[in-house]
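Single-structure report; data block below.
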Amino acid sequence: MTSDTDLPTTFAPAQVEGPLYQRWVDRGYFTADAKSDRPAFSLVIPPPNVTGSLHMGHAFEHTLMDILTRRKRMQGFEALWLPGMDHAGIATQNVVEKTLAVEGLSRHDLGRVAFLERVWQWKDESGGTILGQMRRLGDSVDWTRERFTMDAGLSRAVNTIFKRLHDDGLIYRAERIINWCPRDLTALSDIEVEHLEEDGELVSIRYGDGADSVVVATTRVETMLGDTAVAVHPDDERYRHLVGREIELPLVGRMIRVVADEHVDPAFGTGAVKVTPAHDPNDFEIGRRHGLDNINVMDDNAAISLPGPWLGMDRFEARSAITEELRRLGRIVAEKRPYAHSVGHCSRCGTTVEPRLSLQWFVNVAPLAKAAGDAVRDGVVTIHPQSQEARWFAWVDNMHDWCISRQLWWGHRIPVWYGPDGETVVVGPDDDAPTGEGWRQDEDVLDTWFSSGLWPFSTLGWPDQTADLEKFYPTTVLVTGYDILFFWVARMMMFGLYAMKDDPRGAEPFHTVALHGMVRDARGKKMSKSFGNVVDPIEWIDKYGADALRFTLARGANPGTDVPISEDWVQGSRNFATKLWNATRFALMRGATTQGELPADLSPVDRWILSRLAAVQVEADALYDDYEFAKVCDLLFHFAWDEVFDWYVELVKAPLEAGGAAADATRRVLGEVLDSVLRLLHPVMPFLTETLWTTLTGGESLVVADWPTADLTRRDPQAEQEVALLQSVITEVRRFRAEQAIKPRTRLAAVLAFDDPAAAAAVPGYLGQLESLAGLEPVTVGEAPPGFQAVVVPGVRVSIDTSGAIDVAAERARLGKLLATAVNEVALAEKKLADPAFTGKAPQPVIDKITGRLTTAQADVARITGQIDGLPS
RNA sequence: GGGCGUUUAGCUCAGCGGGAGAGCGCUUCCCUGACACGGAAGAGGUCGCAGGUUCAAUCCCUGCAACGCCCACCA
């Protein structure tokens with residue numbers, strides 16, 4: 001009766017996973033064919049500069065994408081990841097590769113090396129960031145800006161979009177106030193600036209003298225050197241006499257104008273504002289309106305550049321020095337310290353950002369952002385979960401122009417050339433760069449999000465009309481974290497909608513944005529180096545298996561919310577994996593098979609589990625479709641473990657022992673159920689299910705197997721009811737035994753009697769199961785002899801031979817508790833039903849439900865009372 | 001300064017107008033020939049606080065509190 005299985009007795013993930021992965025790759029399961037006539041399912045996988053590195057968050061993201069892809073592939077789609085790490089050709093990755101080369105690693109080590117993380121986290125002795133490191137490595141690595149090379153395809157795409165936007169007037173070069181990082185020596189876009197609440201100072205200074213004086217306040221005293229005006233509100237009576245006149249700027253001695261501008265809030269402070277057009281965005285706008293001069297007072301390092309006593313002094317030193325001097329001159333009217341206000345910091349290195357006038361390249365985002373907002377508003381693109389849409393609109397509808405030039409060492413150089421006579425030429429993808437004396441290319445590189453924003457189509461060969469682009473654009477879904485909604489998703493939307501606007505298939509880069517949360521530790525804390533709670537996914541994969549880690553991540557993946565993860569959970573998943581392994585092994589030993597048709601004549605237990613399977617399949621499909629991975633995992637976990645393994649397999653043991661046609665049928669059903677369960681679980685536990693499934697079915701691979709579809713004709717409410725009754729009989733007897741402290745090995749004789757025909761018809765068919773699962777032996781049907789103790793469930797009385805030796809007190813206590821809840825239930829239901837307000841207004845189904853509840857509760861009361869009365873005194 | 005979210009069992013989280021759920025942890029019993037990474041039976045919550053709407057509120061509304069996140073050019 002025991003058949004051979006290929007499964008080792010113990011489950012060792014490592015021995016299963018590596019070889020399988022290689023086999024899938026070798027057979028091309030991970031490549032997609034643009035020419036196939038299968039429907040396309042494509043998703044965008046973030047380039048490495050987006051995901052950062054192969055840390056837990058990356059593992060999480062990969063897990064979600066792979067879950068989607070595997071299921072879709074099984075459902076008959078041509079599934080494509082765009083384009084996977086192997087094709088990544090963006091600038092950052094080149095840097096990374098060179099870095100890895102220095103350490104003697106290759107890209108194939110990516111799975112084990114948290115590569116980019118390392119690059120970003122590098123600090124030299126002075127606390128410098130990546131820049132310093134690159135300079136340090138400069139001797140051994142050839143990566144100067146000029147010689148930097150990029151993937152040709154991406155380069156072409158970047159140049160194409162740049163030129164198109166420029167020619168449409170959507171990219172321009174201008175002097176604007178930008179966020180400047182004096183440490184990294186580069187401009188930053190708005191979202192690269194992190195605002196932090198800080199204790200600063202608010203200093204009120206008197207400008208001008210006598211009747212022509214006015215008090216202004218500032219948190220950045222040093223900028224006063226560049227003031228070119230004082231602004232007041234046009235309707236402010238207090239200052240009306242000053243408007244248009246000039247007053248003297250202290251320390252500097254320059255005469256500055258008093259201007260009237262709507263921007264000034266007369267109720268704030270003194271109602272007068274110092275205007276520094278070169279160091280404040282608001283002031284810059286005021287300056288533009290009034291034709292003021294822009295005086296830049298700092299150099300790239302944020303040291304004072306204005307000739308005078310403070311020349312060369314750092315901005316913060318200058319702040320106190322200048323304050324001191326003003327105080328000496330009696331110019332300071334008030335000082336508020338500490339003054340809490342928020343200050344911008346470089347998101348890369350933490351340095352306080354200096355708003356500063358600078359000549360940079362910008363994208364005019366208004367029309368692009370509007371399109372991005374409309375796409376979601378019009379339902380062309382769906383953001384999932386929907387609750388995140390609000391954030392999207394708030395952002396997209398209020399976006400400022402995007403500063404895209406960076407003074408960094410890596411990145412895609414701006415495709416603009418300047419001629420000796422002031423010419424400016426934007427070089428398109430098919431143009432030759434101008435040559436000759438005096439021509440030079442713009443020194444700056446593009447914001448990394450500029451090239452990343454092209455990802456969905458540049459990776460498909462755009463601007464060429466490739467077969468890939470034809471088939472896979474627009475992509476089906478983008479899976480990514482809510483933290484980069486604005487960084488990356490927004491850029492892809494803007495570029496996609498713009499660049500592909502003439503595409504008949506649709507311009508949007510993806511139809512659905514599925515947002516997930518951040519991976520956190522067991523206490524819900526963000527994983528971070530400083531907390532010391534960062535876990536390398538490889539560590540847990542080695543310890544518990546990739547399936548265990550993946551199942552854990554998937555099981556925590558509620559859309560849009562963060563995922564706490566801890567070793568305990570991974571252990572739990574590993575336990576589930578082991579359970580699956582052992583259960584399947586057992587089934588194989590008992591001859592479970594997937595060969596042949598399902599027999600028409602099945603036992604109620606077989607019909608029950610098939611019925612449940614059909615229900616679970618329907619539910620699982622709906623959840624998978626809705627990106628509800630946590631719920632899918634939960635559903636399948638409980639169906640497999642509780643229903644299939646703990647009940648079905650146990651109930652079926654006795655019939656299988658008995659043999660015959662019924663046993664053959666059950667072997668087939670067992671095979672059928674496992675087959676489907678393994679398929680359903682494959683997306684979330686690919687390695688384990690592949691091994692088990694191929695052994696069970698002899699099939700080639702789950703990767704190319706069909707997704708199971710629910711057979712609704714198998715739904716069988718009667719069988720479900722019957723088994724539910726059986727389960728409650730067994731459970732009640734077990735509970736009785738446990739409370740009576742009856743040794744598990746002790747076999748007790750029992751006699752069954754029935755209170756309703758359905759039970760009388762069903763239960764006698766399960767005497768074998770009652771014996772093995774409830775520890776009863778022998779079990780007969782008939783009149784209960786005196787002295788037997790009755791365990792009663794609705795419809796069935798099980799009289800058990802306890803040889804008079806039962807713990808009456810314990811039993812009385814147990815029954816008393818049951819009675820109390822039943823009595824309570826009756827009272828509650830009666831009260832409700834007696835209330836005309838309830839019966840008058842509640843919907844009929846609810847009333848029926850309560851009525852039904854009352855009936856059962858009343859029956860329970862009678863039943864339990866009878867039991868208590870039957871107890872020996 | 002705006003906006004959003006969270007508050008349910010010891011921990012991490014589901015649920016969301018009509019009988020409080022899961023995983024882990026905990027208690028008791030059991031090494032029964034698939035599995036002790038297991039099996040069986042349990043304990044544990046006035047669903048943040050205060051009002052309101054409703055026949056009915058953990059679920060809807062209002063206020064409050066705590067925590068968290070995002071956004072922000074108010075000197």
Side-chain angles (χ1 to χ4, degrees), chain A residues 2 5 7 9-11 177 190-191 195 202 204 216-220 231 263-265 268-276 280-285 341-342 344 355 387-388 390-391 394-395 398 400 482-483 485-486 518 520-524 526 544 548 552 555-556 558 560-566 568-569 571-590 630-631 634 637-638 645-646 649-650 653 730-731 734-739 741-745 772-773 775 825 828-829 832 835-843 845-847 849-850 853 857:
Chain A
T2 306
T5 83
L7 296 179
T9 325
T10 46
F11 169 49
I177 300 287
D190 290 347
I191 46 174
H195 288 88
L202 183 67
S204 300
V216 297
T218 180
T219 54
R220 293 156 69 208
H263 167 77
V264 180
D265 175 6
F268 189 94
T270 60
V273 189
K274 66 191 270 300
V275 181
T276 324
D280 183 281
N282 285 317
D283 294 3
F284 180 74
E285 291 305 320
H341 67 308
S342 94
S387 54
Q388 299 276 352
R391 279 181 71 213
W395 164 264
N398 298 299
H400 296 265
Y482 62 73
D483 59 327
L485 188 59
F486 308 138
M518 306 294 106
R520 292 168 178 276
D521 74 4
R523 296 191 337 258
K526 202 184 252 176
Y544 302 105
T552 308
R555 201 177 186 188
N558 285 114
T561 55
D562 290 345
V563 190
I565 185 168
S566 92
D568 285 350
W569 313 180
Q571 238 169 61
S573 301
R574 187 271 320 263
N575 294 354
F576 178 52
T578 310
K579 185 71 181 181
L580 262 178
W581 178 276
N582 284 317
T584 307
R585 201 161 58 86
F586 171 77
L588 288 167
M589 283 164 53
R590 297 302 171 101
K631 294 187 180 71
D634 207 52
F637 176 92
H638 285 291
F645 303 152
D646 284 345
V649 166
E650 293 302 326
K653 273 179 179 172
I730 291 171
T731 303
R734 282 171 172 171
R735 186 180 299 150
F736 173 77
R737 295 179 57 114
E739 310 229 346
I742 295 167
K743 292 270 176 248
R745 287 195 177 272
S772 56
L773 299 186
E825 181 72 27
L828 246 145
K832 273 197 170 178
D835 183 357
F838 172 74
T839 49
K841 296 200 176 177
V846 174
I847 296 176
K849 212 167 148 188
I850 303 287
R853 208 181 293 164

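Heavy atoms only: backbone and side chains are in, while hydrogens, waters and symmetry mates are out. Every chain is numbered from 1, with letters handed out A, B, ... down the list of sequences. All figures in this text were calculated on a predicted structure; none of them were measured in a lab.
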Pairs under 3.5 angstrom, nitrogen or oxygen only, protein versus nucleotides 2-13 of chain B, please.
none

Where do N or O atoms of nucleotides 38-40 of chain B meet protein N or O atoms at under 3.5 Å, pair by pair?
| from | atom 1 | to | atom 2 | distance (Å) |
| --- | --- | --- | --- | --- |
| B:G38 | OP1 | A:Asn575 | ND2 | 3.3 |
| B:G38 | O3' | A:Lys579 | NZ | 3.1 |
| B:G39 | OP1 | A:Lys579 | NZ | 3.2 |
| B:G39 | OP1 | A:Trp641 | NE1 | 2.4 |
| B:G39 | OP1 | A:Asp646 | OD1 | 3.4 |
| B:A40 | O3' | A:Arg734 | NH1 | 3.4 |

For nucleotides 25-30 of chain B, which of its nitrogen or oxygen atoms have a protein nitrogen or oxygen under 3.5 Å away, and what is each distance?
none

What protein N or O atoms touch nucleotides 16-21 of chain B N or O atoms at under 3.5 angstrom, if any, and at what distances?
| from | atom 1 | to | atom 2 | distance (Å) |
| --- | --- | --- | --- | --- |
| B:G19 | OP1 | A:Arg853 | NH1 | 2.9 |
| B:G19 | OP1 | A:Arg853 | NH2 | 2.8 |
| B:G19 | N3 | A:Arg853 | NE | 3.3 |

Under 3.5 Å, which protein N or O atoms sit close to an N or O of nucleotides 43-45 of chain B? Give each pair with its distance.
| from | atom 1 | to | atom 2 | distance (Å) |
| --- | --- | --- | --- | --- |
| B:A43 | OP1 | A:Lys817 | NZ | 3.4 |

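Residue A:Lys653 places none of its side-chain N or O atoms closer than 4.0 Å to OP1 or OP2 of B:G33. Checking the phosphate oxygens (OP1, OP2) of B:C73, a side-chain nitrogen or oxygen of A:His400 falls inside 4.0 Å.
Nucleic acid contact for A:Lys274: none, since no nucleic acid atom lies under 4.0 Å from a heavy atom of the residue. Across all strands shown, A:Arg220 has no heavy atoms under 4.0 Å from either base or sugar-phosphate atoms.
Here the CZ atom belonging to A:Phe576 is positioned 9.0 Å from the OG atom belonging to A:Ser573, to the nearest 0.5 angstrom. Atom NZ in A:Lys631 sits 4.5 Å away from atom CG in A:Asn558 (nearest 0.5 Å). Atom NZ of A:Lys274 is separated from atom OG1 of A:Thr218 by 4.0 Å, given to the nearest 0.5 angstrom. In this structure, A:Thr276 OG1 and A:Asn282 CG are separated by 11.0 Å, a value rounded to the nearest 0.5 Å. Here A:Glu825 contributes atom CD and A:Leu828 contributes atom CG; the two are 6.5 Å apart, rounded to the nearest 0.5 Å. With rounding to the nearest 0.5 angstrom, the OG1 atom of A:Thr839 is 12.0 Å from the CD1 atom of A:Ile850.
With a cut-off of 3.5 Å on both Watson-Crick or G-U wobble distances, the partner of B:G18 is given as B:C55. Across every strand in view, B:C69 sits in a pair with B:G3 that passes the Watson-Crick or G-U test at under 3.5 angstrom. In a base pair of the Watson-Crick type (N1 to N3 plus N6-O4 or O6-N4) or a G-U wobble (N1-O2 and O6-N3), with each distance short of 3.5 Å, B:C64 is matched with B:G48. The partner of B:G10, taking Watson-Crick or G-U wobble pairs whose two distances both stay under 3.5 Å, is B:C24. The nucleotide B:G38 finds its pairing partner in B:C30, both defining distances of the Watson-Crick or G-U wobble pair being shorter than 3.5 Å.
Nearest nucleotide to the side chain of A:His638, out of B:A22, B:C73, B:A34: B:A22. Residue A:Phe637 has its side chain nearest to B:G23 when only B:A34, B:G23, B:C73 are considered. With B:A75, B:C71, B:C73 as the choices, the nucleotide that has an atom nearest any side-chain atom of A:Asn282 turns out to be B:C73.
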task = Please test A:Trp581 against A:Thr10 for side-chain contact (heavy atoms from CB on, under 4.5 Å), starting from the C-alpha separation and ending with a verdict.
result = CA-CA 8 Å; A:Trp581 178 276; A:Thr10 46; 5.9 Å; no
Working for side-chain contact (heavy atoms from CB on, under 4.5 Å), residues A:Arg734 and A:Arg737 = CA-CA 5 Å; A:Arg734 282 171 172 171; A:Arg737 295 179 57 114; 5.5 Å; no
request  = With side-chain contact (heavy atoms from CB on, under 4.5 Å) as the test, would you mind laying out the steps for A:Asp280 and A:Arg220 before giving the verdict?
outcome  = CA-CA 10 Å; A:Asp280 183 281; A:Arg220 293 156 69 208; 4.2 Å; yes
inquiry  = For a side-chain contact (heavy atoms from CB on, under 4.5 Å) check, start with the C-alpha distance between A:Ile191 and A:Trp395, then their side-chain angles and the critical distance, and finish with the verdict.
reply    = CA-CA 11 Å; A:Ile191 46 174; A:Trp395 164 264; 3.0 Å; yes
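One atom, CG of A:Asn582, and another, P of B:A34, lie 10 Å apart when rounded to the nearest Å. Following rounding to the nearest Å, A:Glu650 (CD) and B:A34 (C1') show an atom-to-atom distance of 10 Å. If you take CE of A:Met589 and C1' of B:G33, they are 8 Å apart, rounded to a whole angstrom. Atom CG of A:Asp190 and atom C1' of B:C70 are 15 Å apart (whole Å). Separating the CG atom of A:Asp265 from the P atom of B:C73 is a distance of 17 Å, rounded to the nearest angstrom. One can place CZ of A:Phe645 at 18 Å from P of B:C37, the figure rounded to the nearest angstrom. Protein atom CD of A:Glu285 is 14 Å distant from nucleotide atom P of B:C74, rounded to whole Å. The NZ-P distance, from A:Lys526 to B:C69, rounds to 6 Å in whole Å.
For the pair A:Val846/A:Phe838, a side-chain contact is recorded, criterion being any heavy-atom separation below 4.5 Å from C-beta on. Counting only heavy atoms from C-beta outward, the side chains of A:Tyr544 and A:Thr578 never approach each other to under 4.5 Å.
In this structure, A:Lys579 is not positioned above the aromatic face of A:Phe637 in the sense of NZ or CZ being under 6.0 Å from the six-membered ring centre and within 45° of the axis.
The minimum heavy-atom distance linking A:Ile847 with A:Ala842 is given by the pair CD1-O, 3.6 Å. A:Val264 approaches A:Gly271 most closely through the heavy-atom pair CG1-O, 3.4 Å.
Residue order along RNA chain B, read from the 5' end via each residue's closest nucleotide, puts A:Arg555 first among A:Arg555 and A:Ile191.
Taking the C1' atoms as reference points, B:C11 lies 14 Å from B:G45, given to the whole Å. With both ends at atom C1', the span from B:G44 to B:A22 equals 15 Å, rounded to whole Å. Look at the C1' atom in both B:C73 and B:G10: the space between them is 48 Å, to the nearest Å. With P as the reference atom, B:G5 and B:U62 are 11 Å apart, rounded to whole Å. Remark: the separation of the C1' atoms in B:C61 and B:A20 is 23 Å, to the nearest Å. As rounded to the nearest Å, B:C60 and B:C69 have P atoms that lie 24 Å from one another. Here, B:U8 and B:G48 have their P atoms 6 Å apart, quoted to the whole Å. Distance check on atom P: B:C49 versus B:U58 gives 11 Å, rounded to whole Å.
Judged purely by atom type and a 3.5 angstrom limit, A:Asn398 uses its side chain to pair as donor or acceptor with the backbone of A:Ala394.
Residues satisfying the side chain to side chain donor-acceptor pair (under 3.5 Å) criterion with A:Gln388, sequence neighbours excluded, are A:Arg391.
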